[in-house]
Amino acid sequence: MDKSIKEIINSYQDQKEIELKGWITSNRGNNKIRFISLNDGSTILNIQIVFNQEKFDLEEIEKWKIGSALNIRGIFKLTPNAKQSCEIEAIEANNISPTDDSFPIQKQEINLETLREIPHIRHRTNIFRAIMLIRSTLAKEIHNFFDSEGFMYLHTPIITSNDGEGAGEGFIVDDENKELFFSKKATLAVTGQLHGESYATGFTKIYTFGPTFRAEKSNTKRHAAEFWMIEPEVAFYELNDIIHLSDRMLKYVIKKTLEKHPEEFKFLDERQEGRLIKNLETFLNKKLQILEYSQAIEMLKKVKEKFVEKNIEYGLDLATEHEKYLADEVFQGPVAIINYPKEFKAFYMYLNNDGKSVAAFDLLVPGVGELIGGSQREVDIEKLKSRMSYYNISIEEMQWYLDLRRFGDAGSSGFGLGFERLVMYVTGIDNIRDSIPYPRTFGNLKM
Ligand code: 4AD
Ligand code: MG
């Protein structure tokens with residue numbers, strides 16, 4: 001196998017003959033010498049291939065277009081005084097798959113909105129190379145983190161018969177009016193949590209990492225109909241324990257990903273006036289901020305004129321504008337809001353002694369808002385039943401879940417991390433449509 005461009009650049013084997021393949025990202029020069037930049041997706045960096053007139057028909061090489069696939073044999077050379085650290089002096093070159101004039105990616109930058117129309121090709125731009133390489137590493141580091149903490153990796157079902165969040169946002173797979181496959185109503189999973197809880201009672205520490213589907217008709221920059229969610233669930237944990245797990249996890253994956261992608265972060269950081277890396281590093285070096293919901297309300301009240309929703313009282317379900325104010329302006333970094341009023345939080349959350357709040361937390365981060373939502377779980381069957389009837393959730397369908405409480409469930413806590421929102425936070429990209437290869441959002445399904 002040929003080495004990847006990343007391996008070649010890092011190898012420093014001066015004067016060695018090598019072979020490589022990749023796609024043209026630029027082609028410039030004159031009738032004496034030409035320079036082609038090649039990229040193979042292993043890094044955002046391109047490698048420069050130098051073509052001399054002695055060996056090549058440069059008129060022919062000039063015709064090779066951006067996007068074409070090349071096979072190159074050449075000599076690796078260190079170039080300490082040039083802009084790039086190395087280059088390859090071509091000995092032999094084949095254009096093994098030329099592009100034609102309709103290849104949409106050219107030298108001039110294309111805006112993100114236009115690129116959204118071509119999700120199958122947009123990854124051949126620098127910005128999407130950076131985002132998607134970072135996305136891939138974030139996913140692997142999440143697995144590494146949970147592995148390092150002794151978690152079991154659990155696969156929860158994608159087709160399910162229960163609405164785990166009780167919000168009625170499940171995409172319908174089978175309904176009563178169709179030729180039934182399952183002979184009952186079935187939806188795509190909005191969460192793996194309830195199944196996760198059953199395994200936490202027995203395996204103690206589990207996490208899921210899978211696709212999640214929500215038929216939410218909200219057309220925002222942070223909602224997708226199909227997204228990936230990471231959901232750890234830990235038996236015997238209380239709210240405080242799970243908040244700290246989320247903090248450890250974020251710091252671990254962000255630190256490792258920063259280390260593995262210096263070039264990709266440098267590129268993104270330059271686009272964001274040097275704020276990206278600084279903000280991430282500030283977070284890594286800081287203790288997580290934790291704020292009571294009731295205190296958050298007091299803070300928001302004082303500046304209520306800033307908001308569209310000015311009626312700020314205990315009981316308000318914080319809107320994006322409020323969350324952003326807290327994370328972006330007040331804390332200027334991640335902040336966990338805890339102990340929300342029970343009225344707008346899910347039925348499974350642990351009812352606090354005050355009888356009005358639940359042991360829940362939302363982790364808010366700048367630029368994104370809610371990155372994580374989690375809670376300690378209710379263990380008292382009667383309390384659960386009354387919460388379920390408040391939300392009109394069928395007790396019969398959820399009997400299996402209630403039964404867990406009779407079979408050694410001593411309580412657990414967990415959270416859900418929206419993976420695309422993590423990608424947004426870590427790359428600084430401000431639309432969820434640019435954080436996932438093929439976005440599915442309300443009214444939009446391409447390819
Ligand atoms: O806050 P949510 O709805 O919590 C749950 O689903 C719980 N079952 C989690 C748990 O305790 N195990 O969703 C968790 C996270 C959100 O904080 C958000 O980051 C992400 O999932 N999320 C979405 N991301 C993209 N598009 C959507 N439509 C999302 N809905 C939730
Ligand atoms: Mg939530």
Side-chain angles (χ1 to χ4, degrees), residues 138 142 146 151 154 156 160 162-171 188-200 205-235 237-239 241-243 245-246 249-250 293 317-320 323 327 334-338 340 344-350 358-365 367-378 401 411-426 429 431-436 439-442 444:
L138 282 171
I142 283 167
F146 285 113
F151 276 67
L154 173 70
T156 49
T160 169
N162 42 253
D163 177 0
E165 291 300 305
E169 292 169 341
F171 277 100
L188 297 179
V190 295
T191 171
Q193 179 195 324
L194 305 191
H195 302 91
E197 282 186 46
S198 78
Y199 264 62
K205 297 179 185 182
I206 65 93
Y207 75 103
T208 71
F209 190 159
T212 310
F213 308 89
R214 292 191 187 179
E216 262 171 296
K217 293 189 172 168
S218 43
N219 209 344
T220 76
K221 288 180 169 184
R222 47 189 215 131
H223 286 92
E226 177 179 302
F227 59 100
W228 288 68
M229 185 151 59
I230 294 99
E231 292 183 280
E233 188 72 30
V234 189
Y237 260 30
E238 294 184 352
L239 180 65
D241 305 315
I242 201 72
I243 294 174
L245 178 76
S246 75
M249 173 199 66
L250 286 177
Y293 165 88
D317 189 359
L318 302 185
T320 304
E323 294 181 343
V335 53
I337 313 288
I338 60 170
Y340 283 83
F344 56 84
K345 286 292 185 190
F347 72 94
Y348 51 70
M349 294 180 174
Y350 179 84
V358 285
F361 80 106
D362 275 3
L363 188 90
L364 313 179
V365 301
V368 177
E370 182 190 333
L371 174 65
I372 291 179
S375 73
Q376 184 175 330
R377 318 306 186 190
E378 184 56 75
Y401 178 73
S412 64
S413 295
F415 64 77
L417 164 71
F419 186 56
E420 284 67 29
R421 293 193 186 172
L422 177 67
V423 174
M424 290 170 74
Y425 175 56
V426 172
I429 203 80
N431 195 314
I432 197 162
R433 291 165 182 79
D434 302 324
S435 70
I436 184 167
R440 276 85 176 92
T441 52
F442 181 52
N444 167 56

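As the structure lists them, so they are numbered: ligands from 1, and atoms in each ligand from 1. As the structure is a computational prediction, the values presented were derived from the model and not from experiment. Computation of the quantities below employed the complete heavy-atom set of this structure, encompassing side-chain atoms and omitting hydrogens, waters and symmetry-equivalent molecules. Along the sequence shown, residues carry numbers from 1.
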| query | Say you draw a straight line from CD of Glu420 to CG of Leu371; how long is it, rounded to the nearest 0.5 Å? | reply | 11.0 Å
| said: Taking 2.8 Å as the distance threshold, tell me the number of protein N/O/S atoms next to the Mg ion (ligand 2). | reply: 1
| query | For Thr160, what residues pass the side-chain contact (heavy atoms from CB on, under 4.5 Å) criterion, not counting sequence neighbours? | reply | Asn162, Thr187, Ala189, His195
| request: Would you please name every residue forming a side-chain hydrogen bond (donor to acceptor under 3.5 Å, both in side chains) with Glu323, sequence neighbours left out? | output: none
| request: Could you verify whether a donor N or O on one side chain and an acceptor N or O on the other, from Tyr348 and Glu197, lie under 3.5 Å apart? | output: no
| First-shell residues of ligand 1 [heavy atom, distance under 4.0 Å] | Glu165, Thr191, Gln193, Arg214, Glu216, Arg222, His223, Ala224, Phe227, Met229, Glu231, Tyr348, Glu370, Leu371, Ile372, Gly373, Gly374, Arg377, Gly414, Phe415, Gly416, Gly418, Arg421, Ile432
| request: Please tell me if the side chains of Leu422 and Leu417 come closer than 4.5 Å, counting only heavy atoms from C-beta onward. | output: yes
| note | On a heavy-atom basis, the closest approach of Leu194 and Gly164 is CD1-CA, 3.8 Å
| query | Rounded to the nearest 0.5 Å, how far does CE of Met349 lie from CD of Gln376? | reply | 11.5 Å
| Quick one: are Ile242 and Phe361 in side-chain contact, heavy atoms under 4.5 Å? | yes
| Nearest-0.5 Å distance that lies between atom OH in Tyr340 and atom OG in Ser375 | 12.0 Å
